[in-house]
Amino acid sequence: MSDFTPTADDLKTARAWPFEEAKALVKRLARLEKGKPSDRPIRFETGYGPSGLPHIGTFGEVARTTMVRRAFEALTGRPTELICVSDDMDGLRKVPDNIPNKEMLEPHLQKPLTAVPDPFGTHESFAAHNNARLKVFLDQFGFDYDFLSATDAYKSGQYDGALLRMLEVYADVMNIILPTIGEDRRQTYSPILPVSPTTGRVLYVPMLEIDAKAGTVVFEDENGEKVKTSVTGGAVKLQWKADWAGRWFALGVDYEMAGEDLTESIKLSSKILRAMGGEPPAGFNYQLFLDEKGQKISKSKGNGISIDEWLRYASPDSLSLYMFQSPRKAKKLYFDIIPKTADEYWSFVARYHQQVAEGNAKKALDNPVWHLHGGSVPSAQPPVTFSLLLNLVNASGTSQADVLRGFVRKYRPDASDAEMQALEPMLGFAVHYYEDFLKDKKSYRAADAREQKALIHLRDALLALGEDAEEGDYQTAVFDAGKAQDYENIREWFTGLYETVFGQSEGPRMGAFIKVYGAEGMVKLIDEALAR
RNA sequence: GGGCCCAUAGCUCAGCUGGUAGAGCAACUGACUUUUAAUCAGUAGGUCACAGGUUCGAAUCCUGUUGGGCUCACCA
């Protein structure tokens, strides 16, 4: 690690967007605290609908929020925390398509997800199952966060204050929300959704009476009976935008970002929060992802890239880099950018260490990798780029990590153990990429008469040389084989060799390749080519 | 139609408290000539979407236009 400690001045002038966000947050706090800062942790939040599986947007949101968090910490030195809230008290609206035992969920429609049994049979509820999956997902990337179940928050009384406050300003809240919804819905709308004491379902019914002092509401239950209930302790939950405002109020959220599709919701929730006497968190709306053709990526269309696909070909760090870049711009997310982003990541790492060594703090703070790693940038870099590795894997036509590793040793004999270690994950990515995209593009042709002779010549030479010859000897053998057939331009022979043996018109430097791949292995490849 | 966001080299982006356009990759040329890749050296490539305005000076600020994305019933 070549970390450095930026000066206050460096930090103040840092312009990378996480710093801009951090500064906006500082302003918010200054306004709020009026010169007497508390020592409470500054709270960052991300929220999830628990019915959906974690996806690339989930990663992006947590990664980006974490970048702002780290920038804020560096800027202010204040303690922070990130709360990931799962909205698991929401009613089950419909049975998802992508689960087993669908029929067992039917009777539980409209119940809070924490009250719906787990169709996978592994957890105590459907919500618990999805929450566990979310946590595994986040942990896989090493995110630092505190998980909060909305159901727990309601039931434990953590939201009670917000609920009671909501009753006090009920009329204002209604006035804010009603103009934004349809005529029909207005008649029955309520920001407060009671849970039916008889059926356990989340009810979308109007409040017949409200007693802010007592903290109670009256509504009509599904059986037609009027029920009076306290709003505390999980007897009711808040609906969507009110829920967001209530959560901000109850948790004292200081920072939250959201996709731009939620811009309007944020505005409305902010109004509600202000009506309650709260101050909306800082944050911004990041843009959605597009596919190669500029179409919006949606799970139903199946276009674009999933997070699993990205991680099959490149590291989580490279994905973080992608998330760092231009968050306000709708970005195209498709396969071609993966190798590029992977290489860019390492070149930023290299540049970062150079910037630190030169004492150029401004540049270092602008460098994406500072933000990806919160200032602790790994020092060991792989000795080759991903695109070189792809060339190698493609040229050699091998998906054996051993052979690739050998190649890299040849090319970069002075690579340290740490560098070779950093190469390891990259080898797997390259092999995947080769197998999925490059392998099928190979097309072998049969050798013509002259090429056959030359190949046989080379084959015999290799057998004679055996496994222990020098790289140069192998290289010479290849040339001799070509010269013996009187190729006027030796390049022709190489092209023929590549096309018949490797199935492409370009290939690896032969001497090095044979040394690493083994003379015997090469003989085998030649035999295969001769048999075509 | 209203609101919000975006528009810089082929690609991905940087440049934003206004001061003669940058990087990486791709492309091209050359060197090594025992090919290719790599490496090294170099070249080319942009009226900063368009049009106005403010200014001594605008990619940068303002207005408008065009193009793209999101959003404006319900659900989250």
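By convention in this document, chain letters (A, B, ...) are assigned in the order of the sequence lines, proteins followed by strands, and residues within each chain are numbered from 1.
- Rounded to an integer number of Å, the gap from A:Lys23 NZ to B:U17 C1' is 11 Å.
- With P as the reference atom, B:A51 and B:U60 are 12 Å apart, rounded to whole Å.
- A:Glu419 is not listed as a side-chain neighbour of A:Pro382, based on a closest heavy-atom distance of 4.5 Å or more.
- The six-membered or imidazole ring of A:Phe126 lies away from that of A:His108, with a centre-to-centre distance of 6.0 Å or more.
- Here B:C25 presents its C1' atom at 11 Å from CZ of A:Phe348, a figure rounded to the nearest Å.
- One interatomic measurement links the two molecules: CG of A:Asn285 to C1' of B:G3, which rounds to 12 Å at whole-angstrom precision.
- Rounding to whole angstrom units, CD1 of residue A:Ile266 and C1' of B:C72 are separated by 16 Å.
- When Watson-Crick and G-U wobble pairs are counted only if both distances are under 3.5 Å, B:C25 pairs with B:G10.
- Applying the side chain to side chain donor-acceptor pair (under 3.5 Å) test to pairs two or more places apart or on separate chains, those with a residue in residues 257-272 of chain A are A:Glu260-A:Gln287.
- Judged as a side chain to side chain contact (heavy atoms under 4.5 Å, CB included), and not counting sequence neighbours, the contacts of A:His129 are A:Asp118, A:Phe120, A:Thr122, A:His123, A:Arg133.
- In this structure, the CE atom of A:Met257 is 21 Å from the P atom of B:C70, given to the nearest Å.
- B:C4 is paired with B:G69 under the Watson-Crick or G-U wobble criterion, all donor-acceptor distances under 3.5 Å.
- Rounding to the nearest 0.5 angstrom, the gap separating the CG atom in A:Leu92 from the CZ atom in A:Arg201 is 11.0 Å.
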Grab the N/O contacts between the protein and nucleotides 6-12 of chain B below 3.5 Å, and write none if there aren't any.
unit_1	atom_1	unit_2	atom_2	d
B:C11	O2'	A:Lys340	NZ	2.7

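- Within the 4.0 angstrom heavy-atom criterion, only backbone atoms of the sugar-phosphate kind lie near A:Ser326; the bases stay farther away.
- B:A21 and B:C50: their P atoms are spaced 15 Å apart (whole Å).
- Judged by Watson-Crick or G-U wobble contacts below 3.5 Å, the nucleotide B:U39 has B:A31 as its partner.
- Within the structure, salt bridge (charged side-chain N to carboxylate O under 4.0 Å, His left out) pairs that include any residue of residues 343-354 of chain A do not occur (at least two apart or interchain).
- Annotation: side-chain hydrogen bond (donor to acceptor under 3.5 Å, both in side chains) contacts of A:Arg64 (sequence neighbours excluded): none.
- With centroids closer than 5.5 Å and planes inclined by less than 30 degrees as the test, A:Phe494 and the base of B:U35 pass as a stacked pair.
- Residues A:Thr341 and A:Leu319 fail the side-chain proximity criterion, which asks for heavy atoms closer than 4.5 Å.
- In this structure, the CD atom of A:Glu260 is 15 Å from the P atom of B:G68, given to the nearest Å.
- At least one side-chain heavy atom of A:Phe289 sits under 4.5 Å from a side-chain heavy atom of A:Tyr322.
- When Watson-Crick and G-U wobble pairs are counted only if both distances are under 3.5 Å, B:C74 pairs with no nucleotide at all.
- Between A:Asp402 and A:Arg405, at least one side-chain nitrogen of the basic residue sits less than 4.0 Å from a carboxylate oxygen of the acidic one, meeting the salt-bridge criterion.
- Straight-line distance from the CD atom of A:Gln355 to the C1' atom of B:A23: 12 Å, rounded to whole Å.
- Nucleotide B:C70 holds its P atom 14 Å from the CZ atom of A:Phe289, rounded to whole Å.
- The nucleotide whose nearest atom lies closest to any side-chain atom of A:Lys267 is, among B:U71, B:C4, B:U35, B:C4.
- When the C1' atom is compared between B:A26 and B:G68, the two are found 25 Å apart, to the nearest whole Å.
- Nearest heavy atom pair, residue A:Leu262 against residue A:Asn285, reads C-ND2, 4.2 Å.
- Toward the 5' end of RNA chain B, the nearer of the two residues A:Ala16 and A:Phe479, judged by each one's closest nucleotide, is A:Ala16.
- B:G46 and B:A14 have their C1' atoms separated by 15 Å, given to the nearest Å.
- Rounded to whole Å, the separation between the C1' atoms of B:G45 and B:A58 comes to 24 Å.
- Comparing B:G3 with B:G18, their C1' atoms are spaced 29 Å from each other, to the whole Å.
- B:A9 and B:C5 are spaced 22 Å apart, taking the P atom of each and rounding to whole Å.
- Close to B:G24, at under 4.0 Å from its OP1 or OP2, lies no side-chain N or O of A:Arg351.
- B:G30 and B:A38: their P atoms are spaced 16 Å apart (whole Å).
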Are there any protein N/O atoms within less than 3.5 Å of an N/O atom in nucleotides 74-76 of chain B, and if so, which ones and at what distance?
unit_1	atom_1	unit_2	atom_2	d
B:C75	OP1	A:Gln239	OE1	2.6
B:A76	OP1	A:Tyr204	OH	2.9
B:A76	O3'	A:Asp90	OD2	3.3
B:A76	N7	A:Trp240	NE1	3.0
B:A76	N6	A:Trp240	NE1	2.9

